[in-house]
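Okay, structure first, notes after.
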Amino acid sequence: MTNKKRSHQAEVLIEGMAEKLNRQIVGSLVACVHCGNCTRSCHYVLTNPDDPTFAPAYKADRIRKIFKRHFDWTGRVFPWWVGAKSIFTVEELEELKDIVFGKCTNCRRCSINCPMGVDYATFNRMMRGLLVSVGIMPEGVAVVSKDQWEIGNQMGVLPEDYIDTIEWMSEEMQSELDDPTAVIPIDKMDADIVYTINPREVKYDPRTISDAGKIFHLAGENWTMPSEGWDMTNFGLFSGDDALGGAVAGRVYEKAKELRAKKIVISECGHGYRSTRCEGPNWAGMDVEIPMESSVITMLRYVREGRIKVDKTRNTKSYTFHDSCNNARSCGLFEEPRELLNLVVTDFREMYPNRSENYCCTGGGGAMSMSEYTPLRLKSAKIKADQLRETGAEVVVTSCHNCVDGLTDLIKHYKLGMEVTQLVNMESEVNKGSGFNVSIPRRSIALSSNDFK
Amino acid sequence: MPDSVKINQSTIRLIKGDLTALDVEAFVFYARPDLALGSGFGNAISMRGGSTIKEELEKIGGIKSGEAVATAAGELKAGYIIHAAGPAFHEENIEGKLLITMENALKCAEEKGIKQLAFPPMGAGFFAVPLPVCAKVMIESIKRYLSGDTGIKEVIICAADNRDYKSFAVELAAID
Ligand code: SF4
Ligand code: SF4
């Protein structure tokens, strides 16, 4: 028996663990047979082959030891026999922080390749949440979480700046389409679609808002954007804080309900899609009756139904597609973006492996906000860089804002010289010169082909 | 459910709104002992209020946990900000420490002659004070304070969303 005194934070963490242990997590904690399959799946291992501390099973064992010591009878009775070990000091908690935040992007590639069904990413997230609950987290996680809790979005965009940006994009749209009716409606009641976005679009990439607006307008959609509850991203997925997850998702659902919207459309964002559509109702403890879909599916439907017309011959570059882990692996959204992309480009080159086996952009799981791990992130990005290079494509398309940032960073680091874009930008570009909709006056979209890039 | 309750000559009022944009005499910012504004409401204070608030805080330097200090509110609509350093992240004796922080925030406002003061849900959210605990302690503390001899005429609780609002509405309705 050890005589080490346990810190208050460690006590709280162990108590919190008791509350988090559901069947899925316990199943994952007890099922590992140490076969090593997961090791071959993880981009951290593949780029650090000589360091066993990156292996998913090794990282998992650090959490498993605590579970065994406190919640598994074998570990309580024979701790030395089953490798059970408690946690005591703040230094040990800090060390655990560097594993669960710094050595894993929660990409779930190891999870889907485990023959025993061990979902390491899920209990890695659990441990993130437990550490956050006692205030032990990377600085960037704290900054972003506080913004999302208190301002309502994870980039601290103030309400007046959000409205200003939407109005600005609305004016841009009007002048670009030369159509006074081409506006972005805010808080319109009874719309068929309420369009929710990533705050990154407001802060760094407002063109994605007007691009989406053009598509909705040209498709003759009855749509709106909400004045609040507009951030469909959710840092709770990354930080493991289910309360934050529930509060953020709840704001989106409640605003859509207040507006009596018929559907929530989620702009291209992997973790936002997973959080809002899949995990949010559980976190928020709400029955969400309003249907939700990714804007990729919305855009694809418009093309299939002939509501927007596209001309793929206008896109002459070579393109590949990067699957966001949350879209593809966790939500099965991988055929629709390919179908859509193939409708707007002539030269599409698949990346291997792909779909649910694709490698993380290496900026997932909130990694882009944790600057202390940047050198390690970029080193582990080599696997992704090699994958991208082998396609020989000029442009990588993705359906995730986080992946745009992760890919842009690694493309710069590995000097790949590739462009990164999203489907919404592609769609909008193709529509500029070619599409028309019967409900839209022809002059409104008859732009010069010089506008097309 | 009532959105306001009278205690002697004063009122507790519950609203849903944007704390740092409120047109009130003063609002409370849930601070850290180092008085750094940081992100969240701190970011809104910096963006909307200008640099003088940070400069004033730097002169003060810091406070102890549980204490409160007032600064001017720069270009914000409010006249003052009460920076109160409450408990965080499941530290020991959350309820007791939150009660002390509330009392010190109210006293600090009183000393400045402030008659109207808005609070956020103190410590709930990022700082992980459980929302039901936060609502119970805050209402209890405000009720106790306003029952005594005070110049504060209105205490506003500013909920950020329906989730916050509902918890406080329940506690407000329970006031006899
Ligand atoms: S693949 Fe599954 S069973 Fe095998 S070592 Fe990894 S977690 Fe354990
Ligand atoms: S979830 Fe992804 S990053 Fe984390 S251990 Fe598994 S494969 Fe590696």
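Everything numeric in this text was worked out from a predicted model, so none of it was measured. Every chain is numbered from 1 and lettered A, B, ... according to where its sequence line falls, protein lines coming before strand lines.
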Relative to chain B, which segment of [X] carries a heavy atom at a distance below 4.5 Å: side chain, backbone, both, or neither?
{"X": "Val12(A)", "answer": "side chain"}
{"X": "Glu228(A)", "answer": "side chain"}
{"X": "Met137(A)", "answer": "side chain"}

Could you tell me which residues satisfy side chain to side chain contact (heavy atoms under 4.5 Å, CB included) with Asp287(A), sequence neighbours excluded, listed by chain and number?
none
So what's closer than 4.5 Å to chain A heavy atoms on Asp18(B): side chain, backbone, both or neither?
side chain
Chain A contact via Asp161(B) - which portion, at a heavy-atom distance below 4.5 Å:
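Just the side chain, heavy atoms under 4.5 Å.
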Between Asn43(B) and Gly156(A) (side chain of the first, backbone of the second, donor and acceptor by atom type, cut-off under 3.5 Å), is there such a pair?
yes
For [X], look at atom [atom1] and say whether over 12 heavy atoms of other residues, nucleotides or ligands are found less than 6.0 Å away.
{"X": "Lys188(A)", "atom1": "NZ", "value": "yes"}
{"X": "Lys112(B)", "atom1": "NZ", "value": "no"}
{"X": "Glu139(A)", "atom1": "CD", "value": "no"}

Rounded distance (nearest 0.5 Å) linking atom CG of Asn162(B) with atom OH of Tyr253(A)
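Here the interatomic distance stands at 14.5 Å.
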Can you see which heavy atom on [X] is nearest to which on [Y], and at what distance?
{"X": "Gly40(B)", "Y": "Ile151(A)", "answer": "O-CD1, 3.2 Å"}
{"X": "Ala142(A)", "Y": "Ser39(B)", "answer": "O-OG, 4.2 Å"}
{"X": "Phe41(B)", "Y": "Glu150(A)", "answer": "N-OE1, 2.7 Å"}

Residues from residues 52-90 of chain B approaching chain A under 4.5 Å (heavy atoms)
Phe89(B), His90(B)
What residues of residues 229-242 of chain A sit under 4.5 Å from chain B when you count only heavy atoms?
none
If you count heavy-atom pairs within less than 4.5 Å of chain A, which of Arg48(B), Arg163(B), Glu91(B) leads?
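The answer is Arg48(B).
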Who passes side chain to side chain donor-acceptor pair (under 3.5 Å) against Glu25(B), sequence neighbours left out?
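Counting only residues at least two positions away or on another chain, Glu25(B) forms no side chain to side chain donor-acceptor pair (under 3.5 Å).
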Is Phe127(B) close to Lys146(A) at the side-chain level, that is, under 4.5 Å between some pair of heavy atoms?
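When only atoms from C-beta onward are counted, Phe127(B) and Lys146(A) do touch, with a gap below 4.5 Å.
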When only pairs under 4.5 Å are counted, which of Gly250(A), Ala243(A), Pro159(A) shares the most heavy-atom pairs with chain B?
Pro159(A)
Which one, Gly246(A), Ser133(A), Gly152(A), Gly16(A), leads in non-hydrogen pairs under 4.5 Å with chain B?
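Ranked by contacts with chain B, first place is Ser133(A).
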